[in-house]
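When reading the values below, keep in mind they use all heavy atoms of this one structure, side chains included, and skip hydrogens, waters and symmetry mates. By convention in this document, chain letters (A, B, ...) are assigned in the order of the sequence lines, proteins followed by strands, and residues within each chain are numbered from 1.
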2 protein chains.
Amino acid sequence: MREDLRQDDYELLARLAERYYIDERTQEELAREFDLSRPKVQRLLELARRTGVVTIHVQAPPWLRLELERELRGRFGLADAIVCSSGPAPEARREAVAQRAAQYLERRLHDGSVVAVGHGRTAGAVPRYFRPGNRLDATFVSAMGGSPRIDAPTNPNEICRALADRCGGRAESLYAPAYVESAEVRDQLLAQEAVAATLELSAGASLALVGIGATDDDCTMVRSGCLTEVEVARLRRQGAVGDVLGNYFDIEGRPVSSPHQERLVALSVETLRQIPTVVATASEPEKPAAILGTLRAGGVSVLVIDEANARAVLELAGRSGAGPVPGGEGAGDLAPSGFGPPPSPARAALSGVL
Amino acid sequence: MREDLRQDDYELLARLAERYYIDERTQEELAREFDLSRPKVQRLLELARRTGVVTIHVQAPPWLRLELERELRGRFGLADAIVCSSGPAPEARREAVAQRAAQYLERRLHDGSVVAVGHGRTAGAVPRYFRPGNRLDATFVSAMGGSPRIDAPTNPNEICRALADRCGGRAESLYAPAYVESAEVRDQLLAQEAVAATLELSAGASLALVGIGATDDDCTMVRSGCLTEVEVARLRRQGAVGDVLGNYFDIEGRPVSSPHQERLVALSVETLRQIPTVVATASEPEKPAAILGTLRAGGVSVLVIDEANARAVLELAGRSGAGPVPGGEGAGDLAPSGFGPPPSPARAALSGVL
DNA sequence: GCCCACCGTGAGCAAATGCCCAACGCCGGG
DNA sequence: CCCGGCGTTGGGCATTTGCTCACGGTGGGC
């Protein structure tokens, strides 16, 4: 900074800046006092900012990682990123992330809100911290089928119920497993009024809460019995690094098309993109690649993760492929809610792709 | 600062502040993103400023004494104060002050401007530094009579001529001495069309440049032969500490009524107050009391002095009488051009008091 | 010496901001 | 339990701000 300002200019800038920013006078007053045109005062003040004569500092609380959040937002066009710092204990990390996600939900939910819910260990921890001040008439609806272990706390239906309990809202369960035996069975399921209605409801949600899954042998899909280690290994071989609602991506964010996709009962990524705010959570140490793939796939608009994952994702993104977004800093190109392209209404996308 | 903000609040403030001040998003965008009303965002941002979460710093050039200037402005209701720091050599100080005063004039003068001019060593040094970029059709007119030594460079007429030379403007001389023998002689002089017209012109000036005189044995009035040491001593005994245009004040800014006043050919203080911008200069080490008295008398709206005098004046004001103005800091009560009370047009004041 | 390109300037307008006020909900008192 | 007061909220408007654009002046090029 500090370009080649002559002494006089520098002095004028400082005087103007002081009067404007410290004394809170208006530009018009300054224009009169300094005998300049109002637009000129405005240009000079802008110059003062650009050249560093005026410095605006935000005293961030030390526990916040605003830099990381800013970089995540900038790189991946997120509407928001929340990075929780916490000790090395995986438990603590998950709880911290869950707490912040819960806090975020509290702020965003109103009477009448409809929330599409995915699965995952971290997402499953969210209800524990979800305590809206007053009773909230919100609807929580499963956005994907459940696992064989029906009452597992990582099960979408279960998370919906817990969230609804916490705020006095309603839970809409999806009576279907995440993966069925075949495409035919899936189509039969979707033909059922109850299943179709539930999925349609979740497709029209104003907010979604989803977990980001990995593809290691110990991932949630395996632990919950939705997929076998063999199936996950096959996905890995096809390049899959992670999933959202059972939709798998490679590290570049490209969908991994596999037989599983046709057996999946869940919102598609295209449908997810129609949801204005998609909150994704992750906290496990084996997640960086999964998170990166998901972010690149688009659709996620708010990311809640722990600091270690945040740094790992950024590092990974820095090395591999697509590189950073041009204006990685500054006002940046802001994509408030995920995406531009897909213009079709939720309903069309639902019947089309799902 | 830093009130008792809860952690959550603090965090919200920091996030908002960062997005607003660093990323330069609008309050409306933030309201949408954080799901708050726009007015609430505005209140939170204000809170962030008040509590010090946001700090705006003006990187003042080291040679500026903005603090001193601010205090002078606040204490004495000045529209502007310019403090020049310079070494202990009196010459250097005077030149520095003169230079800044000249610079100020350059900024304020336009074609058609009329400038009332007083006398003094520092004021006399101003023309040397007066170099407006392009030729300026301004009129410089003596606001007080001259000294016996007609061509002294501290003489108003001489200063007018020099200023006019520097910019291609016109000089209007006042053909009269500062002090005449008696009130009767003064009245005769004022009855003369040339003298009356000149004084009237200066009374209607849009800007005045005056020196602040002291009452020591070596003051300008004595050096230039306007008054004798004996006369100045008598003024001192009456409490006079300084003068503007030959009008003497005590340390509280009260006019010192003395026989001299009736023999003076110059604008009265009341008339001076009608002039929108009155620039007063001083740089000599024996001036603090004179400056203080003048400032308290009101009428001066822009003060150009050296750092030593600035500090001395403030110290003196701190100890003696009237104490500091209530809102010594902050947005302060701003009196853009000297005063409120005297409502009579320049002409009335002129014929009345002069 | 003349012409052209360019920078800096200020009018005018649309957006953003600050602020007032009425309505609401919460809390303490009766 | 009901009521009054106080703090908080967001709608709506006046002001302030950012920005575009056409203009005039200036310096360089021919």
Side-chain angles (χ1 to χ4, degrees), chain A residues 3-6 8-10 12-13 16-51 53-54 56 58 106-113 131-137 167-168 330-332 334 336, chain B residues 3-6 8-10 12-13 16-51 53-54 56 58 106-112 131-137 167-168 330-331 334 336:
Chain A
E3 292 166 18
D4 58 332
L5 299 170
R6 275 180 316 121
D8 293 2
D9 297 338
Y10 188 2
L12 181 59
L13 292 191
L16 282 170
E18 201 200 22
R19 296 269 220 304
Y20 185 74
Y21 287 106
I22 314 295
D23 296 346
E24 309 201 304
R25 318 283 299 281
T26 70
Q27 296 182 357
E28 201 151 350
E29 281 181 299
L30 297 190
R32 243 176 289 128
E33 276 181 42
F34 285 78
D35 201 46
L36 303 163
S37 71
R38 217 256 310 148
K40 173 134 214 191
V41 171
Q42 122 96 338
R43 281 186 206 109
L44 289 171
L45 287 172
E46 192 191 320
L47 187 65
R49 258 170 288 142
R50 283 203 302 98
T51 56
V53 172
V54 169
I56 303 184
V58 176
E106 285 168 21
R107 244 209 358 253
R108 310 297 310 212
L109 296 189
H110 308 293
D111 287 345
S113 292
R131 273 177 307 103
N134 34 10
R135 294 300 164 247
L136 191 66
D137 179 22
C167 72
L334 12 126
Chain B
E3 292 165 17
D4 56 332
L5 299 170
R6 275 181 313 119
D8 292 3
D9 297 338
Y10 188 3
L12 181 58
L13 292 191
L16 281 170
E18 200 200 21
R19 296 270 221 303
Y20 186 73
Y21 287 105
I22 313 296
D23 296 346
E24 309 200 303
R25 317 285 299 282
T26 70
Q27 296 183 357
E28 200 151 349
E29 281 181 302
L30 297 190
R32 243 176 288 127
E33 277 181 40
F34 285 79
D35 200 46
L36 303 163
S37 72
R38 220 252 315 142
K40 173 134 213 189
V41 171
Q42 124 97 335
R43 281 185 204 110
L44 290 172
L45 287 172
E46 194 190 319
L47 186 66
R49 258 172 286 142
R50 283 202 304 98
T51 55
V53 173
V54 169
I56 302 186
V58 176
E106 286 167 20
R107 243 207 1 247
R108 310 297 309 212
L109 297 189
H110 308 292
D111 287 344
R131 272 176 308 104
N134 34 9
R135 293 300 165 248
L136 192 65
D137 180 21
C167 71
L334 11 126

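Look at CG on Leu45(B): it is 13 Å from P on dC19(C), rounded to the nearest Å. At whole-Å resolution of the value, CZ in Arg25(A) and C1' in dT17(D) are 17 Å apart. The interatomic distance linking His110(B) (NE2) with dT9(C) (P) rounds to 14 Å, in whole Å. If you take OH of Tyr20(A) and P of dT17(C), they are 10 Å apart, rounded to a whole angstrom. What separates CZ of Arg107(B) from P of dT9(C) is a distance of 14 Å, to the nearest Å. What separates CZ of Arg49(B) from P of dG18(C) is a distance of 6 Å, to the nearest Å. The CD-C1' distance, from Glu29(B) to dA15(C), rounds to 12 Å in whole Å. Atom pair Gln27(B):CD and dG10(D):C1' shows a separation of 14 Å (rounding to whole Å applied).
The line from CG of Leu12(A) to CZ of Arg107(B) is 6.0 Å long, rounded to the nearest 0.5 Å.
Counting only heavy atoms from C-beta outward, the side chains of Leu45(B) and Tyr21(B) approach each other to under 4.5 Å.
None of Glu24(A), Glu29(A), Gln27(A), Glu33(A) except one satisfies the side-chain contact (heavy atoms from CB on, under 4.5 Å) rule with Arg19(A); the exception is Glu33(A).
Under the 3.5 Å distance criterion, the side-chain polar atoms of Glu106(B) are matched with a main-chain donor or acceptor of Arg131(B).
The nucleotide whose nearest atom lies closest to any side-chain atom of Arg43(A) is, among dT9(C), dG18(D), dT17(C), dT9(C). Nearest to the side-chain atoms of Pro39(A) among the listed nucleotides dT17(C), dA11(C), dG10(D) stands dA11(C).
Across all strands, Gln42(B) comes closer than 4.0 Å to base atoms (heavy-atom distances).
In terms of polar N and O atoms assigned as donor or acceptor, the side chain of Arg38(B) never comes within less than 3.5 Å of the base of dG11(D) in a complementary pairing.
Using a 4.0 Å cut-off, some side-chain N or O of Lys40(B) falls inside it from OP1 or OP2 of dT9(D).
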